Structure formats: structure tokens, C-alpha cells
Participant: 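Dropping the structure in here first, questions after.
Just the heavy atoms: all of them, side chains too, but no hydrogens, waters or symmetry mates, feed the values below. Atoms within each ligand, like the ligands themselves, are counted from 1 in listed order. This structure is a prediction, so every number in the text was calculated from the model and none was measured.
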Amino acid sequence: MNALLDIPLKDWKERLSNGGDVPLYRVRQLSHWIFRKGVLDWDQMTNLPKDLRDRWSSEWILSLPVVDTLRVSSDGTRKIVFRLGDGARIESVIIPREDRATLCVSSQVGCGIGCRFCRTAEMGLVRNLSAGEVVGQVMKANQLLSADPIRDGSPAAKERPELSRINHIVFMGMGEPLANFDTLIQSLDLLTATDGIGLSPRRITVSTSGLAGRIRDLGESGIPVNLAISLSAPTDALREQLMPINLHHPIRAILDACRSYPLKNRQRITFEYVLLGGVNDGLSEARSLAKLLAPFRSKVNLIPFNPFGESPFRRPLHEDVLRFQSVLLERGVAATLRKTRGEDILGACGQLALENRSNNPEEDSAWKPVAFSMPV
Ligand code: SAH
Ligand code: SF4
């Protein structure tokens, strides 16, 4: 049996009619149950004829990733570790902020890009996720939010109805989304289609280590999502050391691809810059970065390095972070330094190496409280 959520929406009519004659409005009723109401139990889809439901349920798997662990930070950030059908595990993070409920989703199990400062890189690439597994993270997060709504302050405080559903998505969890391109496009379609989850593409951000050709392809896909580039160095010489992908996609090639990326009114490209103490957080890097990005409609997201395990890097000094930011601002380049989120959980996107984790959280440094910062 195939997973229904892995079928592109445009093929549902054909695949679900299975040679027979199922009217389009029946398929629409089904997608409405699944994506709008979040109902995946065939028995609850009462406006669909019983024989049709029986046939579909015998032909299709309709399920979501299973929650393996859920950790809630005192600031409301929730980290979910999901177990997939084959036992593989991935993570998503729900980040509430003002009127936003952002979900950070994974696109692969592990990652094959090998950035030196990233914990996921240590796993290597285990496998790509399917579109159903990407969208399933969002649907499951919505179920969790409706069962346990985000509230103002203490648990007894008032619920915040505007946060009862995920309303922003960032592809900043495990994996390189542009290295799993077909899945990315298929899941963006499911997330944005009116027959799907129906989110505006402007509320979705795809973050990439900079696969230049794929950045162009994404631009040409016609889905106007926000683009975030993980730059983290202003020169090829430095970037090659931190992100070996730079040998194949040097900065010039990435920026050329960014120039061709269609931007709507007031839309800007985000450049993420992981600040590594004493490595890329100096005055000269800040000045070079400002020069490089000045011609772009851009905003820089400064992310202080989040240390883990045996990593050779260290967190930057706070004064160096502020100096870096002010050099960019003085030169007219927008730069934000996000408040760290999830102080009391290990919640960083791009931070997990689940396979290496021991079963006892006490024994594993990965589960000691650390902070992470997220552009949301
Ligand atoms: N693969 C994509 C998206 C996932 S990584 C990409 O690289 O863009 C999401 C973000 O986390 C990236 O900007 C990455 O540079 C950052 N990141 C990775 N490891 C980090 C760490 N140890 N501390 C802080 N940010 C980190
Ligand atoms: Fe992969 Fe992104 Fe981590 Fe680099 S930073 S190894 S691209 S997940």
C-alpha cells in the first residue's frame, strides 16, 4: 500500500478513482477532512459514502509521523522528535512568538552537506524524507497545538487562538531541502494549495547551504516562498573551511543565483550567518559581508554558534556579536540577532544527531540544556 500523503495533489483524482468513476467533489471532501480539519480517521469522514471509505482505506495508508518525545521549554518552544514508518527519527520545533506559531521542519534524515559547525552533519545523509513525511510534521504539530494550545504565560493563562495552528514554516530542521528537491516542491504544493493546507507561500522560508542551480530551479517553480541562504563567511577561502559545499558552489555562484530569484514587493533574501568565536566574527569579516550584501534586498540573521559535543568551535563573545551587527547596520545592511529560544531544551534546528544519542538522557551531553537561536 502507498501513503496517500506522498501522492501529488494534482494526481489525487486519478489515483483515488482507481479506474472507477469517483466525482471530483468526493476527492475534495477527502482533502478537506485531511488538510483543513486534520482528520485522518476514515470512520470520522461521515459525509463520504461508506463503501468509498472502505475501498480507499484498503488501498491507501493515511498516517502521520509518531511523536517519540516532546519537550517544552519555559519560553513555550516545543521540540518534537518524530519516529517515521521505518523507525528513522527526525525533529521539528514549534516556536511561538507574538502572533506567530512557526514550525521548523526537517527535509532529510541527517544531512550529507558536511558543514563543520553543524551537529546534523555528523550523521551524514541517512535518507530523504517523502513529501508526506514533511507535511506530516506540520499536520501532527497542528494536532498537538489543538490538544495543548499555546497560552499566555502560565499554563492557567488564557489560550491564544491565533496560535492554535502552525502559521509559519521554516525548512531549517535536519537536512538540506534543495538536495531533496522533488520532495520540497511537492510538499510546498501540499502546504500552499487551497485543497491542501492553504498556507501563503510568503509564510514559508526555505533555508539552503547554497545549491546554486537548485536556487534557480526554486525561483522558476513559481512558488514565491522566502529564501534563506546559510552563508556564514564572506570569502571563499573561509567558507570552504566551514562549509565544504563551497568548493562546488562558491559565493559568487550563489549570489548570482540569488539575483535571479524573483522577489515580490518588500520581500527580501535572508542570509544566515552562524557566528563562530574567533573564526568568522571579526571586524574584517563584518566589513566584507556588508560590502558583499549591500547590493541585495537582504536581511542578515546572526546566529551565535550553539556548541555541541567535540566541536572545535566556540560561542562568540556577546560584545563581538553586537560589534558585528553594528558594522552591518552602519553600512545599511539589515541585521537581526534573534533572542535565543528554547533555553532549557536542546532544540536547535540543524543541531541533532539522533542516531548517536544514548537512551539515557542523563548520560548524553546532547540532552543538557542549551540555547538556540532561530530566525522566525
Ligand atoms: N540545511 C539547511 C537548513 C538546515 S540548517 C541550511 O544549512 O541552511 C539551519 C540553520 O542552522 C543554518 O543556517 C545553519 O547554518 C544553522 N546551524 C547549523 N549548525 C549550527 C550550530 N551549531 N549553531 C548555530 N546554528 C547552526
Ligand atoms: Fe546540512 Fe544545513 Fe547542517 Fe550544513 S548546516 S550540514 S546543510 S543541515
Participant: Going by the rule salt bridge (charged side-chain N to carboxylate O under 4.0 Å, His left out), which residues pair with Arg83 if we only count those two or more places apart in sequence or in a different chain?
Facilitator: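 Per chain and number, Arg83 pairs via salt bridge (charged side-chain N to carboxylate O under 4.0 Å, His left out) with Asp68.
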Participant: Against heavy atoms of Glu272, which atoms of ligand 1 measure under 4.0 Å?
Facilitator: 10 (C), 12 (C), 13 (O)
Participant: Can you list the ligand 2 atoms lying under 4.0 Å from a non-hydrogen atom of Ser209?
Facilitator: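 Once the distances to Ser209 are compared, the set is 7 (S).
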Participant: Should we count CZ of Arg252 as having more than 12 external heavy atoms under 6.0 Å?
Facilitator: no
Participant: What heavy-atom pair brings Ser221 and Ile185 nearest, and what distance separates the two atoms?
Facilitator: CB-CD1, 3.8 Å
Participant: For Gly175 and ligand 1, does the shortest N/O to N/O distance drop below 3.5 Å?
Facilitator: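 N/O-N/O distance under 3.5 Å: yes.
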Participant: Below 4.0 Å, non-hydrogen atoms only: which portion of Glu176 touches ligand 1? Side chain, backbone, both or neither.
Facilitator: both
Participant: Decide whether the shortest distance between a heavy atom of Ser209 and an atom of ligand 1 is less than 4.0 Å.
Facilitator: yes
Participant: Using a 4.0 Å cutoff against the non-hydrogen atoms of Ala121, which atoms of ligand 2 qualify?
Facilitator: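 That gives atoms 6 (S) of ligand 2.
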Participant: Closer than 2.8 Å to atom 3 (Fe) of ligand 2: does that hold for any N, O or S atom in Cys115?
Facilitator: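 Given the 2.8 Å cut-off, Cys115 does not count as a ligand of atom 3 (Fe) of ligand 2.
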Participant: Show me which atoms of ligand 1 lie under 4.0 Å from any heavy atom of Phe305.
Facilitator: 21 (C), 22 (N), 23 (N)
Participant: For Ile303, take its heavy atoms, then give the atoms of ligand 1 lying under 4.0 Å from any of them.
Facilitator: 24 (C), 25 (N)
Participant: I need the contact type for Thr208 against ligand 1. Using non-hydrogen atoms and a strict under-4.0 Å cut-off, is it side chain, backbone, both or neither?
Facilitator: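 Near ligand 1, Thr208 shows its backbone, while the atoms from C-beta on stay back.
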Participant: Examine Arg315 relative to Phe305 and say whether NZ or CZ is less than 6.0 Å from the centre of the six-membered ring and inside a 45° cone about the ring axis.
Facilitator: no
Participant: Considering Ser207, Gly114, Gly112, Cys111 one by one, which has a heavy atom nearer to atom 8 (S) of ligand 2 than any of the others?
Facilitator: Cys111
Participant: Just to be sure I'm reading this right: ignoring hydrogens, which of Ser207, Ala179, Ser230, Ser106 gets closest to atom 3 (C) of ligand 1? Compare them by their nearest heavy atoms.
Facilitator: Ser207
Participant: Is there a salt bridge (charged side-chain N to carboxylate O under 4.0 Å, His left out) between Arg239 and Asp236? Walk through the geometry before answering.
Facilitator: CA-CA 5 Å; Arg239 196 165 188 269; Asp236 285 326; over 6 Å; no
Participant: What do you reckon, is CD of Glu59 surrounded by more than 12 foreign heavy atoms closer than 6.0 Å?
Facilitator: yes
Participant: Heavy-atom distances under 4.0 Å decide this one: backbone, side chain, both or neither, for Val274 against ligand 1?
Facilitator: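 Near ligand 1, Val274 shows its side chain, while the N, CA, C and O stay back.
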Participant: Which donor-acceptor pairs under 3.5 Å do side chains of residues 1-10 form with protein atoms, sequence neighbours excluded?
Facilitator:
from: Asp6; atom 1: OD1; to: Ser130; atom 2: OG; distance (Å): 2.8
from: Asp6; atom 1: OD1; to: Gly132; atom 2: N; distance (Å): 2.7
from: Asp6; atom 1: OD2; to: Ser130; atom 2: OG; distance (Å): 3.4

Participant: What atoms in ligand 1 come closer than 4.0 Å to a heavy atom of Phe171?
Facilitator: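 Counting from 1, the qualifying ligand atoms are 3 (C).
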Participant: Under 3.5 Å, is there a donor on one side chain and an acceptor on the other for Ser232 and Glu272?
Facilitator: no
Participant: Which atoms from ligand 1 have a heavy atom of Gly173 less than 4.0 Å away?
Facilitator: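 Near Gly173, meaning under 4.0 Å from one of its heavy atoms, ligand 1 has 4 (C).
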Participant: Is it the case that ligand 1 has an N or O less than 3.5 angstrom from some N or O of Phe117?
Facilitator: yes
Participant: Tell me whether the rings of Phe271 and Phe296 are parallel (<30°), tilted (30 to 60°) or perpendicular (>60°).
Facilitator: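 Aromatic pair Phe271/Phe296 classed perpendicular.
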Participant: Between Arg55 and Asp51, is the salt bridge (charged side-chain N to carboxylate O under 4.0 Å, His left out) condition met? List the steps.
Facilitator: CA-CA 6 Å; Arg55 204 178 84 201; Asp51 58 336; over 6 Å; no
Participant: Under 4.0 Å from any heavy atom of Ile113, which atoms of ligand 2 are there?
Facilitator: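 Counting atoms of ligand 2 from 1, those under 4.0 Å from Ile113 are 1 (Fe), 7 (S).
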Participant: If you draw a 6.0 Å radius around NZ in Lys13, do more than 12 non-hydrogen atoms from other residues or ligands fall strictly inside?
Facilitator: yes
Participant: Would you say Arg119 and ligand 1 have an N/O pair spaced under 3.5 Å apart?
Facilitator: no
